[in-house]
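Note on naming: letters A, B, ... go to the chains in the order of the sequence lines (proteins, then strands), and numbering restarts at 1 for each one.
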Amino acid sequence: MNKCVDAELQELLPDLLHESLDGGTRQRVEAHLAACESCKEDLEVLRTVKGAAVFAPTIDVDSIVRQIPPHRMMVPSVEKPKRTRMVSWLVAAVFALAVVGGGGLVVLKESPPSKSVASSIIAAPDAQVGAVVPRPDSIVFVPADPAIKSSPSDAAPSAAPTLALASSADLASLSDGDLVQLMDDMDNFDALPAAEPEPVIAVDSGDSL
Amino acid sequence: MTPSPETRHDETDMELINRWKAGDGRAATRLVGRHSQALARFAASAGERDGIEELVQDTFVRAFASLDSFRGESSLRTWLFTIERRLMLDRRRAEKRSRQTVPVQESDQVSEYGALDGLIAEEAQERVRQSLEALSPTQREVFTLRVQQGLSYKEIAEVVGSTEGAARVHYHNAIQTVKEFLKDE
């Protein structure tokens, strides 16, 4: 017997058996069957296999349903207390110690209103040793050399200086507004992301070959 | 007039899933009733002999526990077949491990053949069963999913974790083997 040369139609025979073909395709397959002995034989084999129902036990639906727990509505993840607040205060405390302990080591000046206090730190002329000053995004080493500044733009003189901190003693001379801004800047030092990633629940996907 | 949920019998699987998620336990009964026998037949066709009901139950329990991840991109039945097949593979691996440690008893072999004899009574059915046993496990899965369950090649590929092209090749080889087997008998 000659083999079928129309593989596409041959592969549709199971669909013909399950009556899942649309009208046009069904007509094409039936017309092909009329002329193809190989496909006729295939269809007969498929009918035999489909008709030979393999024994399967009757399933007790209710017993299965009893094992299924009710659907749990999606519970929004409980917001954990933010650690960033505490970390901010720790950073602020370290910063304050560095400022107070330095005693004239660090000078803040010419800070534009939009920039943080920490980013406008430059070395004090009378400092003899370097100071490590924390910044929001990194730790910056401020050398004792007065010629070296944290950044040229930060050190550029401004016509209207808003904040000048020559020594810890000068803290008392800061206005209330400056102190509030300083505290806000310290409060905003977030060393960690403000939000933690959503918990990932591992799902056993089983094996697949 | 729109029929009430109690009287509607043409609800899609997704509609029933949504009803179950909303707290309607009867939707679960409808879904299990709709698909449980197909799962049992697939397990039997794939060679499972014992514990088919337990297997079907485990399939549904696992499926309902993961229904939030079911997006309806495939049919629910295809998805259930996929879960059931994985469970069958897990079972076979566990049985293989236990056989490596526990010697096979003579009574086990007797009960195995006895169970198989009980599965198919008619002579024609017996011939079909033997022809299916001549196939490789993957060929048998592909062939029974295609012929007995009427799944498309795309759906079969999803169930067996393969490609449509590979499913076509498995089907083609399987029908040639089955045809030759039945012709020789």
Which answer fits A:Pro70, side chain, backbone, both or neither, if we ask what part of it has an atom under 4.5 Å from a heavy atom of chain B?
backbone
Is B:Glu54 in contact with chain A via its backbone, its side chain, both, or neither, using a 4.5 Å heavy-atom distance?
neither
What part of B:Tyr153 gets closer than 4.5 Å to chain A, counting heavy atoms only: side chain, backbone, both or neither?
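Just its side chain gets close to chain A.
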Side chain A:His18, main chain B:Val147, donor-acceptor under 3.5 Å:
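Present.
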Looking at B:Arg146 and A:Glu11, would you say the former's side chain and the latter's main chain have a donor-acceptor pair under 3.5 Å?
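Checked: pair present.
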Drop me the distance from [X]'s [atom1] to [Y]'s [atom2], to the nearest 0.5 angstrom.
X	Y	atom1	atom2	answer
B:His172	A:Asp42	NE2	CG	9.0 Å
B:Leu182	A:Thr48	CG	OG1	6.5 Å
B:Gln176	A:Lys3	CD	NZ	6.0 Å
A:Thr58	B:Ile52	OG1	CD1	11.0 Å

Under a 4.5 Å heavy-atom cutoff, which of B:Ala40, B:Gly25, B:Ser152 has the most pairs with chain A?
B:Ala40
Looking only at heavy atoms and a cut-off of under 4.5 Å, which of B:Ala65, B:Ser36, B:Ser131 has the most pairs with chain A?
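Top option by heavy-atom pairs under 4.5 Å: B:Ser36.
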Just so I know, are the side chains of B:Tyr171 and A:Pro14 near enough to count as touching, which here means a heavy-atom distance under 4.5 Å?
yes
Using side-chain heavy atoms (C-beta onward) and a distance below 4.5 Å, is B:Val32 in contact with A:Ile68?
yes
Starting from the C-alpha separation in whole Å, work towards a yes-or-no answer on side-chain contact (heavy atoms from CB on, under 4.5 Å) for B:Phe143 and A:Leu46.
CA-CA 10 Å; B:Phe143 192 66; A:Leu46 296 178; 4.0 Å; yes
Give the interface residues of residues 59-67 of chain A toward chain B, defined by a heavy-atom separation under 4.5 Å.
A:Ile59, A:Asp60, A:Val61, A:Asp62, A:Ser63, A:Ile64, A:Val65, A:Gln67
